[in-house]
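Note that these values count all heavy atoms, side chains included, but never hydrogens, waters or copies made by symmetry. Here, residue 1 is the first one in the sequence, and each next residue gets the next number.
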Amino acid sequence: MTEGPREEETEQRLKRSQEEDEEDQGVKRRKAEGERRDNDRKYPKKKVVLLMAYSGKGYYGMQRNPGTSEFQTIEDDLVSALVKSGCIPENHRDDMKKMSFQRCARTDKGVSAAGQVVSLKLWLIEDLVAKINEHLPPQIRVLGVKRVTQGFNSKNSCDARTYSYMLPTVAFSSKHFDTANAAGFRLRPETLQTVNRLFALYKGTHNFHNFTSQKAPNDPSARRYITHVLCGEPFLCGGSEFAVITVRGQSFMLHQIRKMIGLVIAVVKGYAGEEVMERSWGQEKVDVPKAPGLGLVLERVHFDRYNKRFGDDGLHERLEWDRQEDAIQAFKEAHIYPTIVETERQEGSMVSWMATLPIHDFEATATETRDRCGSASSSIRYSLTSSAQLHAGLTSAASRCH
């Protein structure tokens, strides 16, 4: 007799609770929409580019992968800062396509940048750069912002990219050199000349299918145009000798620069003949060693065509960052160079990698070499013991090393 009224009362309570939840959600939704409308009225939403610098240590590259929070990327922290600073709405956090977001270069795990550029639409809030940086860790900074055309895409509009690679010069020692004394190695001038003669062979257009993964020899996208490759004069830092290689090209594939450097090191050390470089651009599948990622830095990106078309139209700024040069250099000296030197000192990544070179047979195909590596790797014991501005900055950084 009493069950019926009780069930009816329970149903009514559940219904009221559901209605209250829906009302709360509606209030929150209207509030969020109201805040967005307020922002739209107060701040214009415009297409801009952000100049970024970051130390890549501890990050799984630049590009974010939504749903994989265990692999933290630079973009994860950037997007979070954009939301917290009020530059973009919260509901776009996981779908940045709605903000037309695009990065100029997709740097790999551990790779740093001094001149990365991303393009997106955002609200032009007051003190935009400062407010974004308030929500970023010290090893990631936004250094500048500029308005661009509505159709601008940082990746597609980029004409060229310049990278640097900082490495201990012991990488160019003979294969017979005792790496237990790696800090005592000094690069001879004639060896540096040989290094740069080999790097010069990369200039021009070549088929770099052997310098990345999953590219067939007949894939047109494997052809890349390189305009500059040079190893600068060595300098001392932290008691060891380092040098910086600068590479400029239209665009680069995954691991391409590290493999370009790895192959030259193998030739200079005497593990391979010079002819392997010409052969690596042919149809044959050659196993090319990949140098460590630690020293790789995206120095700057170039927008020559965009600047020529829009830079002097009176409405848009040229995408050049002369005013930010001091800030760029200061960031490198504070966060990038010390990290490279200290990590190399503690982990010996280059010396460890050099110990793997003997298992490569540069006369064989990649398949044959991989088979041999599988059986030989267990027996290997890793030994763990462009521009004047760039090199001037490195010299300054060297003086700060301990």
Side-chain angles (χ1 to χ4, degrees), residues 48-54 56 61-63 74 102-108 111-119 143-144 146 148-149 151-166 196 199-209 211-212 215 219-232 244-261 264 281 291 293 295-312 316-325 328-329 332 336 386-391 393-394:
V48 303
V49 294
L50 301 177
L51 173 68
M52 294 183 64
Y54 52 83
M62 172 70 181
Q63 187 173 1
I74 300 296
Q102 183 61 262
R103 86 283 305 161
C104 192
R106 186 174 54 188
T107 53
D108 301 336
V111 175
S112 300
Q116 172 74 280
V117 169
V118 302
S119 57
L143 301 179
K146 290 189 178 185
V148 289
T149 59
F152 182 86
N153 179 300
S154 60
K155 179 181 177 182
N156 297 338
S157 300
C158 183
D159 302 303
R161 297 155 178 85
T162 296
Y163 283 83
S164 68
Y165 189 87
M166 183 174 175
N196 279 324
F199 276 136
L201 298 176
Y202 286 125
K203 293 169 69 174
T205 302
H206 298 287
N207 185 344
F208 284 98
H209 72 97
F211 293 76
T212 189
K215 287 284 185 183
D219 188 336
S221 68
R223 295 185 65 80
R224 300 294 164 121
Y225 179 49
I226 308 298
T227 58
H228 173 87
V229 192
L230 185 72
C231 181
V244 173
I245 301 159
T246 53
V247 185
R248 174 171 170 162
Q250 279 185 329
S251 60
F252 298 93
M253 297 177 290
L254 179 68
H255 299 151
Q256 181 183 338
I257 295 175
R258 291 165 61 187
K259 282 178 172 279
M260 290 169 62
I261 293 169
V264 167
W281 302 323
L296 190 60
V297 179
L298 174 62
E299 286 289 336
R300 64 185 65 230
V301 290
H302 308 269
F303 299 98
D304 298 336
R305 286 176 299 172
Y306 176 87
N307 288 338
K308 186 176 181 181
R309 183 175 179 183
F310 298 107
D312 300 315
H316 302 92
E317 298 178 85
R318 295 177 66 83
L319 294 186
E320 296 170 345
W321 307 96
D322 295 343
R323 293 181 181 178
Q324 286 76 23
E325 277 300 330
I328 292 171
Q329 195 61 45
K332 288 193 287 189
I336 295 179
S386 120
S387 67
Q389 282 182 327
L390 175 61
H391 293 294
L394 284 164

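Between Gln256 and Ile226 the shortest side-chain heavy-atom distance falls below 4.5 Å. The shortest side-chain heavy-atom distance between Phe252 and Val247 falls under the 4.5 Å cut-off. Under the 4.5 Å side-chain criterion, counting only non-hydrogen atoms from C-beta, Leu298 is not in contact with Val111. Counting heavy atoms from C-beta on, the side chains of Met52 and Met62 come closer than 4.5 Å. Between Arg318 and Asp312, some side-chain heavy-atom pair lies under the 4.5 Å cut-off.
Every residue meeting the ring pair (Phe, Tyr, Trp, His ring centres under 6.0 Å) condition with Tyr306, not counting sequence neighbours, appears here in chain and number order: Phe152, Phe310. Residues satisfying the ring pair (Phe, Tyr, Trp, His ring centres under 6.0 Å) test with Tyr54, not counting sequence neighbours, are none. Legend: residues meeting salt bridge (Lys or Arg N to Asp or Glu O under 4.0 Å) with Lys259, ordered by chain and number and at least two apart, are absent. Under the rule for a salt bridge (Lys or Arg N to Asp or Glu O under 4.0 Å), Arg309 has no partner lying at least two apart in sequence or in another chain. Among residues two or more places apart in sequence or in another chain, the side chain to side chain donor-acceptor pair (under 3.5 Å) test is passed with Ser157 by none. Under the salt bridge (Lys or Arg N to Asp or Glu O under 4.0 Å) criterion, Arg224 pairs with no residue, sequence neighbours left out.
Distance check, rounded to the nearest 0.5 Å: OG1 of Thr107 to CD of Gln63 gives 9.5 Å. Rounding to the nearest 0.5 angstrom, the gap separating the CZ atom in Arg248 from the OH atom in Tyr225 is 9.5 Å. Interatomic distance, CD1 of Ile245 versus CD1 of Ile261, reported as 4.0 Å (0.5 Å rounding). Atom CD of Gln116 sits about 9.0 Å away from atom CZ of Arg161, to the nearest 0.5 Å. Between atom CE of residue Met253 and atom NE2 of residue His209 there is a gap of 9.5 Å, rounded to the nearest 0.5 Å.
Pairing each heavy atom of Ser112 with each of Gly56, the nearest pair is OG-N, 3.0 Å. Summarising the geometry of Lys332 relative to Ala114, their closest heavy-atom pair is CD-CB, 3.6 Å, with the distance given to 0.1 Å. Contact between Val301 and Gly115 at its shortest, heavy atoms only, is CG2-O, 3.7 Å. Contact between Val244 and Ser164 at its shortest, heavy atoms only, is CG1-CB, 3.8 Å. Taking all atoms of both residues into account, the shortest heavy-atom contact from Leu201 to His206 is O-NE2, 3.1 Å. Shown here for Asn156 and Arg305, the closest heavy-atom pair between the two residues is O-NH2, 3.8 Å.
In this structure, Lys155 places its NZ atom where only 12 or fewer heavy-atom neighbours from other residues, nucleotides or ligands lie under 6.0 Å away.
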Run the numbers on Leu51 and Ile328 for side chain to side chain contact (heavy atoms under 4.5 Å, CB included), then give the verdict. CA-CA 10 Å; Leu51 173 68; Ile328 292 171; 4.1 Å; yes
Passes side chain to side chain contact (heavy atoms under 4.5 Å, CB included), Leu296 versus Arg258? Steps please. CA-CA 8 Å; Leu296 190 60; Arg258 291 165 61 187; 4.2 Å; yes
Can you list the steps and then say if Thr246 with His228 is a side-chain hydrogen bond (donor to acceptor under 3.5 Å, both in side chains)? CA-CA 7 Å; Thr246 53; His228 173 87; 3.0 Å; yes
Run Trp321 and Val117 through side chain to side chain contact (heavy atoms under 4.5 Å, CB included) and show every step you take. CA-CA 11 Å; Trp321 307 96; Val117 169; 4.2 Å; yes
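Defined by atom type and a distance below 3.5 Å, a donor-acceptor pair is present between the side-chain atoms of His302 and Thr162.
A donor-acceptor pair is defined here as one N or O able to donate and one able to accept, closer than 3.5 Å; such a pair exists between the side chain of Lys146 and the backbone of Glu320. Checking side-chain atoms of Asn307 against main-chain N and O of Leu319 turns up a donor-acceptor pair under 3.5 Å. No side-chain donor-acceptor contact under 3.5 Å links Ser119 to the backbone of Asn153. With hydrogens and angles ignored, the 3.5 Å screen pairs a side-chain donor or acceptor of Tyr202 with a backbone N or O of Met260. The backbone N or O of Val118 lies less than 3.5 Å from no partner atom in the side chain of Arg103, so there is not a single donor-acceptor pair.
Classified by interplanar angle (parallel below 30°, tilted 30° to 60°, perpendicular above 60°), the ring pair Phe208/Phe211 is perpendicular.
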